[in-house]
Participant: 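Here it is, the structure in full.
On a predicted model such as this, the values are computed, not experimentally measured, just so you know.
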Amino acid sequence: MDSEVSAKRREFLPFSPPSIGEEEIREVVDTLRSGWITTGPKTQRFEEEFARKIGASSALALNSCTAALHTALVVAGIGPGDEVITTPLTFAASVNVLEHVGAQPVLVDVEPDTLNIDPRAVEAAITSRTKAILPVHYSGHPVDLDPIQALAAAHGLTIIEDAAHALPALYKGRRIGSGGNPVAFSFYATKNLATGEGGMLAATPEFLDRARVMSLHGMSRDAWKRYDQRGTWAYDVGVPGFKYNMSDIQAALGLAQLAKLDRLQDRRRHIVAAYGGAFADLADRLQLPVERPTVEHAWHLYVIRIHADALQIDRDTFIRELKKRNIGSSVHFTPIHIHSYYRDKYKYDPEDFPISYDSFRRMISLPLSPKMADQDVADVIEAVRDIVQRHRT
Ligand SMILES: Cc1ncc(COP(=O)(O)O)c(C=O)c1O
């Protein structure tokens with residue numbers, strides 16, 4: 001039951017465009033002119049500055065968050081027969097990597113407010129085959145890590161955190177990525193820090209020494225320097241590794257983005273506050289995202305959930321109505337157990353994870369990007385309010 005639309009923006013507002021400025025362009029051009037365009041000095045500098053920014057002891061730049069998760073699983077020795085507990089409400093990459101190493105994903109449902117993995121459900125799912133827990137900091141809101149950390153300590157489990165959305169987030173005053181667990185970040189085009197494609201693995205120096213080798217063909221350390229004055233042609237392959245390294249072109253983007261990250265985050269928070277204020281009186285129609293008092297949210301996504309019984313339209317119609325008003329939006333995520341590969345392999349029923357499934361059917365990610373002008377924010381607010389107004393029960 002789509003409606004005629006009166007007020008409409010002239011141009012389509014994309015859901016999450018990157019904030020690329022002259023600084024990024026200058027830094028990339030500098031790399032192109034330098035004669036060194038693959039992994040090199042800028043990648044090294046990006047790793048050091050990133051680690052300093054989040055308080056990690058060290059960091060390894062890779063070509064995606066998926067690569068970081070895969071590498072971390074291999075270095076942690078997760079393999080066939082092992083069970084890894086994770087959330088259904090994530091991007092497929094978090095779970096695909098478990099299939100890549102032959103481990104079995106064990107999905108448990110999320111908490112209704114944050115949509116993060118529920119520590120009590122994790123505890124209930126631990127078996128003698130459980131080797132690791134893979135929490136995902138959904139939308140940039142940190143997972144409740146303390147109880148998960150306690151479970152891991154009690155049962156001798158590895159924790160590998162998917163922080164694709166969580167740069168820069170704080171849990172109980174601690175930066176996500178600073179605690180010593182292997183933590184994977186994403187710099188995909190839509191992320192809070194974007195290098196087109198890219199990722200970072202934060203972990204202890206010992207873990208990263210092995211990850212560095214595994215992520216570059218299994219070649220002996222510093223092999224990337226073999227074409228440099230300092231390097232030698234000789235290297236040894238001690239393990240059949242991957243080709244997951246970051247290039248200096250990506251690192252150039254990363255360095256420029258890192259330098260302005262605080263400013264970009266301020267803008268995200270400003271937009272989130274505007275949305276929160278403008279939708280506060282719609283609480284009986286729209287469920288707004290939360291920020292628990294113990295955390296600082298990275299606000300990668302702004303996910304609202306419609307109260308289906310208080311509106312005459314469903315989620316998909318709401319998204320179509322936004323589009324008619326030239327507002328882009330998205331859904332994060334189709335839960336893992338709904339995708340045909342996982343549904344068929346593990347014989348999942350949609351209702352196996354009722355909070356994830358119910359939330360999925362009601363959720364819409366509204367545009368959130370530091371690039372949005374005040375007028376863009378006002379247009380989103382007006383569109384959402386208009387849709388709710390026209391379709392209230
Ligand atoms: C939760 C989550 N994990 C992992 C990834 C994979 O990131 P990348 O594209 O950098 O491999 C994404 C990407 O969107 C994601 O949303």
Participant: How about E123: does its CD atom have over 12 heavy atoms from other parts shown lying under 6.0 Å from it?
Facilitator: no
Participant: For L145, does its backbone N or O pair with a side-chain atom of Y171 as donor and acceptor, under 3.5 Å?
Facilitator: yes
Participant: Is it true that D266 and R263 have a side-chain N and a carboxylate O under 4.0 angstrom from each other?
Facilitator: no
Participant: Does the side chain of P135 come within less than 4.5 Å of N116's, by heavy atoms?
Facilitator: no
Participant: Find out whether D309 and T393 are in side-chain contact, i.e. whether some heavy atom of one side chain is under 4.5 Å from a heavy atom of the other.
Facilitator: no
Participant: Grouping I, L, V, M, F, W and Y whenever their side-chain heavy atoms are under 4.5 Å apart, do V110 and I85 come out in a common cluster?
Facilitator: no
Participant: Salt bridge or not between D386 and K324? Use side-chain N to carboxylate O under 4.0 Å.
Facilitator: no
Participant: With a 6.0 Å cut-off (strictly less than), is the heavy-atom count around OH of Y302, excluding the residue itself, greater than 12?
Facilitator: yes
Participant: Determine whether more than 12 heavy atoms belonging to other residues, nucleotides or ligands lie under 6.0 Å from atom CG of L264.
Facilitator: yes
Participant: Which heavy atom of P119 sits nearest to which heavy atom of E111, and what is that distance?
Facilitator: CD-OE2, 3.5 Å
Participant: Tell me if a side-chain donor or acceptor on D248 pairs with a main-chain N or O of K42 at a distance below 3.5 Å.
Facilitator: yes
Participant: Stepwise, does the side chain to side chain contact (heavy atoms under 4.5 Å, CB included) test hold for D281 with R385?
Facilitator: CA-CA 10 Å; D281 64 322; R385 292 192 65 87; 2.8 Å; yes
Participant: Between Q257 and A194 (side chain of the first, backbone of the second, donor and acceptor by atom type, cut-off under 3.5 Å), is there such a pair?
Facilitator: yes
Participant: Take a 6.0 Å sphere around NZ of K345 and say whether it holds more than 12 heavy atoms from other residues, nucleotides or ligands.
Facilitator: yes
Participant: Between R305 and D358, is the closest basic N to carboxylate O distance under 4.0 Å?
Facilitator: no
Participant: Does the ring centre of F242 sit less than 6.0 Å away from the ring centre of H100?
Facilitator: no
Participant: Can you name the nearest heavy-atom pair linking T90 to V95, along with the distance?
Facilitator: CG2-CG2, 4.1 Å
Participant: Ring centroid separation for F187 and F50, is it under 6.0 angstrom?
Facilitator: yes
Participant: Does a donor on one side chain and an acceptor on the other come within less than 3.5 Å for N96 and Y342?
Facilitator: yes
Participant: Are R45 and E27 ion-paired here, with the side-chain N under 4.0 Å from a carboxylate O?
Facilitator: yes
Participant: Is there a path of hydrophobic side-chain contacts, each under 4.5 Å between heavy atoms, that joins L366 and F12?
Facilitator: no
Participant: Can you tell me if E11 has over 12 outside heavy atoms packed within less than 6.0 Å of its CD?
Facilitator: no
Participant: Answer yes or no: is there a donor N or O on one side and an acceptor on the other, between the side chain of T158 and the main chain of A132, under 3.5 Å?
Facilitator: no
Participant: Working to the nearest 0.5 Å, report the span between NE2 of H307 and CG of L286.
Facilitator: 7.5 Å
Participant: Counting C-beta onward and ignoring hydrogens, is there a side-chain heavy-atom pair between F318 and V384 closer than 4.5 Å?
Facilitator: yes
Participant: So how far is it from N245 CG to L216 CG, rounded to the nearest 0.5 Å?
Facilitator: 5.0 Å
Participant: Give a yes or no on whether the backbone of S247 and the side-chain of Q250 come within a donor-acceptor separation of less than 3.5 Å.
Facilitator: yes
Participant: Working note: D113 + R292, criterion salt bridge (Lys or Arg N to Asp or Glu O under 4.0 Å); need CA distance, chi angles, decisive distance, verdict.
Facilitator: CA-CA 9 Å; D113 60 342; R292 288 186 183 171; 2.9 Å; yes
Participant: Decide side chain to side chain contact (heavy atoms under 4.5 Å, CB included) for D352 and D349; before the verdict, give the C-alpha distance in whole Å, the side-chain angles of both, and the deciding distance to 0.1 Å.
Facilitator: CA-CA 5 Å; D352 285 347; D349 183 81; 3.5 Å; yes
Participant: Quick check: do V136 and V143 have side-chain heavy atoms less than 4.5 Å from each other?
Facilitator: no
Participant: Please indicate whether R392 has more than 12 foreign heavy atoms, meaning atoms of other residues, nucleotides or ligands, lying under 6.0 Å from its CZ.
Facilitator: yes
Participant: Got a second to check how far C65's SG is from H165's NE2, nearest 0.5 Å?
Facilitator: 8.0 Å
Participant: Are E291 and R269 close enough for a salt bridge, meaning some N to O gap below 4.0 Å?
Facilitator: no
Participant: Inspect the contact between E382 and R325 and indicate whether a charged nitrogen and a carboxylate oxygen are less than 4.0 angstrom apart.
Facilitator: no
Participant: Has D82 got a side-chain atom pairing as donor or acceptor with G79's backbone, closer than 3.5 angstrom?
Facilitator: yes
Participant: Compare all side-chain heavy atoms of L13 with those of M372 and state whether any distance is below 4.5 angstrom.
Facilitator: yes
Participant: Evaluate the ring planes of F360 and Y357, with Trp represented by its six-membered ring, and classify them as parallel (under 30°), tilted (30 to 60°) or perpendicular (over 60°).
Facilitator: tilted
Participant: Would you say S359's side chain and S356's backbone share a donor-acceptor pair under 3.5 angstrom?
Facilitator: no
Participant: Could you tell me whether a side-chain N or O of H337 sits under 3.5 Å from a main-chain N or O of Y346, the two making a donor and an acceptor?
Facilitator: no
Participant: To check you understand the geometry: which heavy-atom pair defines the closest contact between F185 and A202, and what is its length?
Facilitator: CE1-CB, 4.2 Å
Participant: Taking atom CG of D379 and atom CZ of R10, what is their separation to the nearest 0.5 Å?
Facilitator: 12.0 Å
Participant: Step by step, work out the side chain to side chain contact (heavy atoms under 4.5 Å, CB included) result for V84 and I133.
Facilitator: CA-CA 5 Å; V84 179; I133 306 168; over 6 Å; no
Participant: Consider only side-chain heavy atoms of I, L, V, M, F, W and Y, link residues closer than 4.5 Å, and tell whether I159 and V97 are in one cluster.
Facilitator: no
Participant: Between D144 and R120 (salt bridge meaning N to carboxylate O under 4.0 Å), is one present in this structure?
Facilitator: no
Participant: Which heavy atom in A163 sits nearest to a heavy atom in V183, and how many Å separate them?
Facilitator: CB-CG1, 3.5 Å
Participant: Among the clusters formed by ILVMFWY side chains lying less than 4.5 Å apart, do L258 and V28 turn up in the same one?
Facilitator: no
Participant: Identify whether I78 and V213 are in the same connected component of the hydrophobic contact network (ILVMFWY, side-chain heavy atoms under 4.5 Å).
Facilitator: yes
Participant: Go through L301 and F15 one step at a time and tell me if the side chain to side chain contact (heavy atoms under 4.5 Å, CB included) criterion holds.
Facilitator: CA-CA 10 Å; L301 300 173; F15 163 68; 3.9 Å; yes
Participant: Between E24 and K260, is there a side-chain heavy-atom distance shorter than 4.5 Å?
Facilitator: yes
Participant: For a quick check under 3.5 Å, do H141 and T114 share a side-chain donor-acceptor pair by atom type?
Facilitator: no
Participant: State whether R361 and D314 are salt-bridged, where the test is any N-O pair (Lys NZ or Arg NE/NH1/NH2 against Asp/Glu carboxylate O) under 4.0 Å.
Facilitator: no
Participant: With a 4.5 Å limit on heavy-atom distance, are the side chains of Y275 and I304 in contact?
Facilitator: no
Participant: Can you confirm whether I336 sits close enough to P105 that some side-chain heavy atom of one is under 4.5 Å from a side-chain heavy atom of the other?
Facilitator: no
Participant: Applying side chain to side chain donor-acceptor pair (under 3.5 Å) to H217 and Y235, what does each step give before you reach the verdict?
Facilitator: CA-CA 11 Å; H217 305 298; Y235 58 85; over 6 Å; no
Participant: Ring centres of F91 and H300 under 6.0 Å apart?
Facilitator: no
Participant: Looking only at non-hydrogen atoms, find the nearest pair between N63 and A67 and report the distance.
Facilitator: OD1-CB, 3.5 Å
Participant: Verify, without hydrogens or angle tests, whether R175 (side chain) and G55 (backbone) share a donor-acceptor contact under 3.5 angstrom.
Facilitator: no
Participant: To the nearest 0.5 Å, what is the distance between CD (E83) and OG1 (T130)?
Facilitator: 5.0 Å
Participant: Identify the two heavy atoms, one from A166 and one from H137, that lie closest to each other, and give their separation to 0.1 Å.
Facilitator: CB-CB, 3.6 Å
Participant: Has Y348 got a side-chain atom pairing as donor or acceptor with H339's backbone, closer than 3.5 angstrom?
Facilitator: no
